[in-house]
Amino acid sequence: MLANEYGFTDFKPLSYGSSLSVIDLQAGTITIAESVKKIISIENRANYLEYIAKMKKNDELVLYHAGHYSPSKKKFFVAVNSSMPKDCNWYHWGDIDLGGFSMLGRLRREINPHIFPYRMSKEELIRYDQYCGKITESYADKLRRIKGKPEIIDCASCIQYMIDKKIRLEQESMLLM
């Protein structure tokens with residue numbers, strides 16, 4: 001049984017995760033243990049499951065992001081952010097593409113401006129170069145437009161590399177090595 005006498009839900013026994021409905025969220029509050037030092041939101045389900053199975057550490061809270069989030073998922077992320085322990089950092093792992101950087105920017109604008117990119121760098125593009133997909137000039141133009149946005153300015157060198165090489169990388173490709 002997951003609920004204890006205080007009405008808390010302990011997700012530890014569910015090592016591959018669980019889900020909450022918006023009704024659950026509205027009926028209670030989220031409390032994150034002080035022992036959590038890292039929160040990581042992961043865009044892709046396959047990468048989320050792989051991370052949980054092979055990389056998750058005891059001091060991490062791993063969240064399945066699932067792409068551009070809904071208003072109810074935003075409420076969840078706001079609640080997580082409000083409950084973060086003092087010395088905890090939040091990271092986001094998304095595709096290294098227009099959508100991935102858009103999601104990171106949105107998280108920073110709407111949830112927490114101090115969310116760090118995780119494995120969304122030029123170095124990852126170089127490491128997984130054989131799995132990168134080609135982009136069109138029109139797509140490169142869209143990247144040029146977002147490159148200078150203040151909320152993702154720290155990602156500008158990666159985005160410029162994508163433009164120069166005309167490439168992008170789906171994060172599922174990182175499971176191949």
Next on the checklist: Apply side-chain contact (heavy atoms from CB on, under 4.5 Å) to residues E60 and I39 and explain how you reach the verdict.
Outcome noted: CA-CA 6 Å; E60 294 177 328; I39 294 173; over 6 Å; no
Next on the checklist: Under the criterion side-chain contact (heavy atoms from CB on, under 4.5 Å), I'd like the reasoning laid out for E110 against F77: C-alpha separation, chi angles, the key distance, then a yes or no.
Outcome noted: CA-CA 9 Å; E110 297 180 2; F77 287 147; over 6 Å; no
Checklist entry - Do L107 and H65 pass the side-chain contact (heavy atoms from CB on, under 4.5 Å) test, and can you show the C-alpha distance, the side-chain angles, and the key distance before you say yes or no? => result CA-CA 10 Å; L107 280 168; H65 186 276; 3.8 Å; yes
Next on the checklist: Show, in sequence, the C-alpha distance, side-chain angles and deciding distance for K57 and K38, and conclude whether the side-chain contact (heavy atoms from CB on, under 4.5 Å) test is met.
Outcome noted: CA-CA 9 Å; K57 297 180 179 81; K38 178 180 183 181; 5.6 Å; no
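Atom CD1 of I159 sits about 8.5 Å away from atom CE of M120, to the nearest 0.5 Å. Once rounded to the nearest 0.5 Å, the distance linking OG of S41 with CG of L63 reads 6.0 Å. Atom OG of S102 is separated from atom NZ of K142 by 10.0 Å, given to the nearest 0.5 angstrom.
Contacts of D154 classified as salt bridge (Lys or Arg N to Asp or Glu O under 4.0 Å), with partners at least two apart in sequence or in another chain: R108. With sequence neighbours left out, the salt bridge (Lys or Arg N to Asp or Glu O under 4.0 Å) criterion links E50 to K54. Shown here are the salt bridge (Lys or Arg N to Asp or Glu O under 4.0 Å) partners of D59, two or more places apart in sequence or in another chain: there are none. Residues passing the side chain to side chain donor-acceptor pair (under 3.5 Å) test with N81 are N112, sequence neighbours excluded. Residues satisfying the salt bridge (Lys or Arg N to Asp or Glu O under 4.0 Å) test with D97, not counting sequence neighbours, are R168. Scored by the ring pair (Phe, Tyr, Trp, His ring centres under 6.0 Å) test, Y51 finds no partners at all (sequence neighbours excluded). Here S83 pairs with I30, I32 under the side-chain contact (heavy atoms from CB on, under 4.5 Å) rule; sequence neighbours left out. For K37, the side chain to side chain donor-acceptor pair (under 3.5 Å) test picks out no residue, with sequence neighbours left out. With sequence neighbours left out, S121 forms a side-chain contact (heavy atoms from CB on, under 4.5 Å) with E123, E124. For Y161, there are no ring pair (Phe, Tyr, Trp, His ring centres under 6.0 Å) partners at least two apart in sequence or on another chain. Residues passing the side-chain contact (heavy atoms from CB on, under 4.5 Å) test with S70 are S72, K73, sequence neighbours excluded. In this view, Y64 and Y48 satisfy the ring pair (Phe, Tyr, Trp, His ring centres under 6.0 Å) rule, not counting sequence neighbours.
Under the 4.5 Å side-chain criterion, counting only non-hydrogen atoms from C-beta, M174 is in contact with W93. A 4.5 Å side-chain heavy-atom check between I163 and Y139 finds every atom pair outside the cut-off. Considering only heavy atoms from C-beta on, I42 stays 4.5 Å or farther from I52 through its side chain. Side chains of F116 and W90 form no contact here, defined as non-hydrogen atoms less than 4.5 Å apart. L143 has its side chain out of reach of D141: every pair of non-hydrogen atoms, C-beta onward, lies at least 4.5 Å apart. In this structure the side chain of M162 reaches within 4.5 angstrom of the side chain of I96, judged on heavy atoms.
The hydrophobic clustering, which links ILVMFWY residues whose side-chain heavy atoms are closer than 4.5 Å, places I153 and Y118 apart. Cluster membership check: L98 does not share its hydrophobic cluster with M103, using side-chain heavy-atom separations under 4.5 Å among Ile, Leu, Val, Met, Phe, Trp and Tyr. Criterion: ILVMFWY side-chain heavy atoms under 4.5 Å apart, direct or through other members. Under it, F101 and L125 are part of a common hydrophobic cluster. When hydrophobic clusters are built by joining Ile, Leu, Val, Met, Phe, Trp and Tyr residues whose side-chain heavy atoms come closer than 4.5 Å, directly or via intermediates, I111 is grouped together with F76.
In this structure, R119 contributes its side chain and G94 its backbone to no donor-acceptor pair below 3.5 Å. For the pair S173 (side chain) and L169 (backbone), a donor-acceptor distance under 3.5 Å is absent.
Look at R106 and E151 and you find no salt bridge, because none of the NZ, NE, NH1 or NH2 atoms lies under 4.0 Å from a carboxylate O.
Counting non-hydrogen atoms of other residues, nucleotides and ligands closer than 6.0 Å to CZ of R45 gives a total of 12 or fewer. Annotation for D164: atom CG counts as buried by contact number, over 12 foreign heavy atoms lying within 6.0 Å.
Residues K122 and C158 come closest through the heavy atom pair N-SG, 3.5 Å. Closest approach of P117 to C155, counting heavy atoms only: CG-SG, 4.2 Å.
Checked by atom type, the side-chain pair N47/E43 shows no donor-acceptor distance below 3.5 Å.
Between Y131 and Y128, the ring-plane angle classifies as tilted under the 30° and 60° cut-offs.
Applying side-chain contact (heavy atoms from CB on, under 4.5 Å) to E170 and the options N44, L175, D95 leaves one that passes, D95.
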